[in-house]
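Contents: one structure, followed by commentary.
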Amino acid sequence: MVSGIEVCIIGKVNRIKLKQGVTFALQGLNHLLWPAVCVNCRESICETDKNLCKNCWEQLLACSGGDYCPRCGRDVSKFALLGGACPDCQGSEIHFDGIARSGVYAQALQEMILAFKLSGRTELDSVLGFLGDSALQGSLFYNDIEFLVPVPLHWSRRLRRGYNQSLIIAKKLKHPSAEINTDLVRIRCTKSQPTTASVAARARNVAGAFAVRKGHNFAGRKICLVDDIKTTGATLNECAKTLKEAGASKVFALVLAVAGQNVS
Ligand SMILES: [Zn+2]
Ligand SMILES: [Zn+2]
């Protein structure tokens, strides 16, 4: 004899099983119609692989992480830091107050950033955003920041490319309170420079290239600049200088990769 309560429980269990079955069938159909592929190499992957195949994740993680200088972002053992700076940046003029980076500009990370930035492969945003987010969460300034400010492109370059890669990365960051702010603008179209260009040449190239929009809200704020690559830091430095002239109290930086470790 089955009681009323048992009938009710059996009915509920059957409904749950039916729901699970339908969900599973729909997932199967979805996978059949739009099979999940690695956003980098297009190999077939499982839904649970988080956009990249195992091989691409391994290659990407090999050039991510690692100890770095929290002032300039260069590779350095934490034991070589003196007063929060590495031997390379001791005494150098840096306008930003700290940096977080996902990795070094090499191998898989370099290839992915270039594909994202120059080949229109914007579907890589989820993976690169994940890396940027991890670096930001591990930074010393995570709880301080109020604005995420993408390093701007000149309007003519943004028109040609169709998007600003730094803004796309900024939109992928999951910060509980910091807002994206695009009131920093590039007022001069600067030349693209090779990674081998000297610090002085890069600084000259970006001098006076940025400004803030009228009515900005940067005074007294703590800001984190967002960019894809830091080479000598000339662009971040110039942006930070411009933001501080506009009244920002602190300016930090988040980049996906630090390049030009040997540029002096
Ligand atoms: Zn892959
Ligand atoms: Zn340093």
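Order of listing sets the numbers, starting from 1, for every ligand and every atom in it. Computed from a predicted structure; not experimentally measured. Numbers here are sequence positions counted from 1.
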Output, in order, the C-alpha distance, side-chain angles, deciding distance and verdict of side chain to side chain contact (heavy atoms under 4.5 Å, CB included) for Arg186 and Thr235. CA-CA 11 Å; Arg186 195 182 288 242; Thr235 302; 4.0 Å; yes
Just to the nearest 10 degrees, tell me the angle at the Zn ion (ligand 2) spanned by Cys89 SG and Cys72 SG. 120°
Take atom NZ in Lys250; do more than 12 heavy atoms of anything else shown fall under 6.0 Å from it? no
Test side-chain contact (heavy atoms from CB on, under 4.5 Å) applied to Ile223 and Phe96, Phe141, Phe147, the passing residue: Phe147
Taking the Zn ion (ligand 2) as the vertex, what is the angle from SG of Cys86 to SG of Cys69, given to 10 degrees? 110°
Chi angles and distances behind the side chain to side chain contact (heavy atoms under 4.5 Å, CB included) call for Cys72, Lys230: CA-CA 9 Å; Cys72 73; Lys230 171 192 175 268; 4.3 Å; yes
Kindly indicate, with the supporting measurements, whether the criterion side chain to side chain contact (heavy atoms under 4.5 Å, CB included) is fulfilled by Tyr105 and Leu114. CA-CA 10 Å; Tyr105 191 56; Leu114 286 177; 3.2 Å; yes
Within a distance under 2.8 Å of the Zn ion (ligand 1), the protein atoms of type N, O or S are Cys38 SG, Cys41 SG, Cys53 SG, Cys56 SG
Quick check: do Leu109 and Leu128 have side-chain heavy atoms less than 4.5 Å from each other? yes
Given Val39 and Val127, is the side chain to side chain contact (heavy atoms under 4.5 Å, CB included) satisfied, shown in steps? CA-CA 8 Å; Val39 288; Val127 173; 3.8 Å; yes
